Amino acid sequence: MAGYPFAEIERQWRRYWEEQKTFRTPDEPDPSKEKFYILDMFPYPSGTGLHVGHPEGYTATDILARYKRMKGFNVLHAIGWDAFGLPAEQYAVKTNTHPRVTTEANIARFREQLKMLGFSYDWDREIDTTSPDYFRWTQWIFLKLYEKGLAFQSEAPVWWCPELGTTLANEEVVDGKSEVGGYDCVRKPLRQWMLRITEYAERLLEGLDDLDWPESTKEMQRNWIGKSVGAEVAFPVCGLPDETIRVFTTRPDTLFGATYMVLAPEHPLAEKITTPDRLEAVAAYVAAAAHKSDLERTELQRDKTGVFTGGFALNPVNGERIPVWIAEYVLISYGTGAIMAVPAHDERDHAFAKTFDLPIREVVSGGDVAREAYAGEGALVNSSSEDRAIPGVAERGVSIDGLDTESARQKMIAWLEANACGQAKVNYKLRDWLFSRQRYWGEPFPLIFVNGAPKPLPEDALPVTLPDLADFQSSGQVEGPLAAAAEWVETVDPETGAPARRETNTMPQWAGSCWYFLRFIDPRNDRLLVDPEKERYWMPVDLYIGGAEHAVLHLLYARFWHKVLYDAGVVSTPEPFRRLIHQGMILGEMEYSANGERIAEADVRKQGDGFVLKRDASVPVEAHAYKMSKSRGNVINPEDVVEQYGADSLRLYEMFMGPLEQVKPWSMRGVEGVHRFLNRAWRLFVDEETGALRGRVNGVPASKEQLRALHRTIAKVTDDIERLHFNTAIAAMMAFVNAANKWDAMPRDIARAFTLILSPFAPHIAEELWRRLGGGRTLAYEPWPEVAAEYLQEDSVAIAVQVNGRIRATITIPQDAEKDAALQAARREENVAKHIGARAVKREIYVPGRIVNFVV
RNA sequence: GCCGGGAUGGCGGAACGGUAGACGCAACGGACUUAAAAUCCGUUGGAGCGAUGCUCCGUGCGGGUUCGAAUCCCGCUCCCGGUACCA
């Protein structure tokens, strides 16, 4: 395709920006300038390189960054690499290439590809989580967590694959088999590090309210934290005077409806409570449960299984002996691992009671509990023990009969507390964060074990670097590959000189991305994680753009660490990211198929709600755009697009496709479309034959019409950038070029202003046009064109005239026409008069500049 | 199941409650060309009629509010994403 020499232009300007360090942000904060910190989600430099999803978010942030610079803001826009992680390690195991080598190569490739797209990052701030200068501070934060008691050791199950001789991550195990090789895996308990994120559950929940984030993401985090308010109740165990079964319930008002109890199979009392005659059955059930993965347990529909222990507990509110069962539907990991079952008012308990023929007792009126559980609210019934004492619990029982749900809850909790068998309790679904991995390619923990007890290393011992391994093949040890590095593991306590062992686990990949945005602020500081003055100037991040796949984990973990650092006085804001946007996924091109065969779009036509073959309308055609995948063969490689159409075209197309946050299918024809637009813009100013500026670009004064066209475009583009509506901003620029193409003269001032507003979107071509239009050096810091309201004024305006809400004519009247004048002009229209006819006009509506409506 | 988001021409999409379909793609017609590509100009939601215009229908479906609804409210359908025995 002929056209403007984009390859040459883009190469030249990339080099210019790099050599001149055009986008360098000064080291010291500039209090005279308003700051704007705009951040992309930290990329993992994978071996496959960039895909078209990356430039989508990156182009959006780059447009904002460039725009804000021109608006006079001090902009922080940097990039780096979240480079620890599994793929490099797996590659090391396969080929015995050191992960560092793989990682460096991948980073080099990613950096190259990002530079190719002309993003205005301050490359002097590039960071890399695998660099000791960086992970020294990741380790430093871990020491803070440890100091505050937020890091602790615990036994937690991991996937162990005996065949591969390694532990595996959850995502590497599918249906209990290793993803690689398909070998059997088992869950093994292992001593590991946990972070007490649950301590911050309430603050993480509350903090969401004030964030300008997508509602869906905030809601996902709320669900993940999963706060429930209720009570914890202790049920004495019959025959075991020292034992109680503690349960958590959100419905303490239904305590009188508890007709049995259920323990999770892993519950510590499960064995103890079981009577000898039931031992065999219980042991078999528990063993069967232990062999199932979490997945198998939850995927087994809702069919309830369980086993009676033979044991009984005492319901503290009425002294009733109720049977204790064991069932998989109660999870050891939530609440206390045991429940009181109220089959009348809980769906799961109801199903279980039906299966095992257990009694169902209504205590909340309003439903038909024989048929189904009634989980709603209502007046309490069958809920009194006031007339008697509860042996071993209370002198006197309690009655909540007749109360509404809320009052019953309160009274019940008060009674439980008064009799020391329960209290109000808030429970969270959120679990503590399993923070260690049995891996090589991650941050080492900054602590040692002296006589088996953990001891944090002093700050000056940081960073703790990874040893080199000669062999990345499996160590065959559950502890992970580092356990094999004897010389590294065996060390001495730097304080006492006593022999010590290093921790052989490493941190998970999330660690490095929990705080990278702080390091961009002060990337080379070797004394502090971040200088407090700089941190106060730049934080919080004003706009964060990245994929919705990180809605929970990364964004929750980063918030957690940030709050810990806030408490430690390291950062000045309780939340790191003020505003968050997720870019929508880009799908492959639309595909048409009939009877499983791919069909060309040209052979398809619409019929009714669907598509059919043009040749044979009886054959229905499926139309669908699929997620890009190698196996489907619909992957678009950004490098190819850049080669064929240029980086500016790729950037522009990705923004033109549709709203940033929406899922949208790729279209190569669409790329050609925006490429044509750039060619037209180029030809507006440059003679294609000679390459020189066209003669019509000159210093003549701009006409009113030209100024109006320009200023309308400036106004629209400015407003759309602020609202992140890049697609309509581009449409406005296209409309401008279409109009300007018809002009005889192109006043230089108009050409220059248009070039400036085009520049955040298509910076290479804009820089080149700017240079040719005599703009001097880079336009990156030129002031953004101001809209002059006087040029936006239209003398006259075309408005619609309706009769009973239906349009019957359009009239052209002065912008500020009075109501009488407008109505008169409207009535003069033949078609309007015809539709009013002889009928009386009941109402006349005139919205200046908008509409006239006659109601008859 | 639950939570969130969505549905507008052949396609991607525009539209502070005020002329639905901007802009782009595709398609069709024309100019230039020996021809094609590129480029430029024009047409393009559907149906109808006495056709330079007018009428009717039209923003997933059914109701409602309003002078006026793609937009607001109520009730559905389908699609996408998340989550799932969380007591």
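Numbers restart at 1 for each chain; the letters A, B, ... are given by sequence-line order, proteins then strands. No experiment lies behind these values; they were computed from the predicted model shown.
Side-chain polar atoms of A:D432 and A:T198 form a donor-acceptor pair below 3.5 angstrom.
Under the Watson-Crick or G-U wobble criterion, with both distances below 3.5 Å, B:rU33 is left unpaired in every strand shown. When both distances must be under 3.5 Å, the Watson-Crick or G-U wobble mate of B:rG60 is B:rC76. In this structure, B:rG81 and B:rC3 make a Watson-Crick or G-U wobble pair, each of the two defining distances being under 3.5 angstrom. Across all strands shown, the partner of B:rG10 is B:rC25, judged by Watson-Crick or G-U wobble contacts whose two distances both fall under 3.5 Å. Of all nucleotides present, only B:rC49 satisfies the Watson-Crick or G-U wobble test against B:rG53, with each distance under 3.5 Å. Pairing for B:rU66 is absent, with no Watson-Crick or G-U wobble pair whose two atom distances lie under 3.5 Å.
By the neighbour-count criterion of 12 heavy atoms within 6.0 Å, atom CZ of A:R246 is sparsely surrounded, having that number or fewer from other residues, nucleotides or ligands. Counted within 6.0 Å of CG on A:D616, heavy atoms from surrounding residues, nucleotides or ligands total more than 12; the atom is thus considered enclosed. Applying the 6.0 Å contact sphere to CD of A:E622 captures no more than 12 heavy atoms from other residues, nucleotides or ligands. Within a 6.0 Å sphere centred on CD of A:E818, heavy atoms belonging to other residues, nucleotides or ligands number 12 at most.
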Could you walk me through whether A:F352 and A:Y260 pass the ring pair (Phe, Tyr, Trp, His ring centres under 6.0 Å) check? CA-CA 10 Å; A:F352 190 83; A:Y260 64 99; 5.5 Å; yes
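The side chain of A:T249 has B:rA87 as its nearest neighbour among B:rG13, B:rA87, B:rG18. In the set B:rC25, B:rC56, B:rC3, B:rC56 carries the atom at the smallest distance from any side-chain atom of A:R808.
Taking 4.0 angstrom as the limit, A:S667 places none of its side-chain polar atoms (N or O) nearer than this to OP1 or OP2 of B:rG24. Between A:R680 and B:rG24 there is a side-chain N or O to OP1 or OP2 distance below 4.0 Å. Close to B:rU55, at under 4.0 Å from its OP1 or OP2, lies no side-chain N or O of A:R806. Taking only side-chain nitrogens and oxygens, A:N738 never comes nearer than 4.0 Å to OP1 or OP2 of B:rC23.
Looking at heavy-atom distances under 4.0 Å, A:N831 makes contact with sugar-phosphate atoms alone, never a base. Here A:R222 lies out of heavy-atom contact (under 4.0 Å) with every strand. As judged by a 4.0 angstrom heavy-atom cut-off over every strand, A:Q662 is placed among residues touching the sugar-phosphate backbone only.
The residue among A:R251 and A:P665 whose nearest nucleotide of RNA chain B is located toward the 5' end is A:P665. Heavy-atom nearest nucleotides on RNA chain B were determined for A:P659 and for A:A735, and the one closer to the 5' end corresponds to A:P659.
Between the side chain of A:H345 and the main chain of A:V363, a donor-acceptor pair closer than 3.5 Å is present.
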Could you list the protein-to-nucleotides 65-69 of chain B atom pairs, N/O on both sides, closer than 3.5 Å?
{"unit_1": "B:rC67", "atom_1": "OP1", "unit_2": "A:R843", "atom_2": "NH1", "d": "3.0"}
{"unit_1": "B:rC67", "atom_1": "O2'", "unit_2": "A:N853", "atom_2": "ND2", "d": "3.3"}
{"unit_1": "B:rC67", "atom_1": "O2", "unit_2": "A:N853", "atom_2": "ND2", "d": "2.6"}

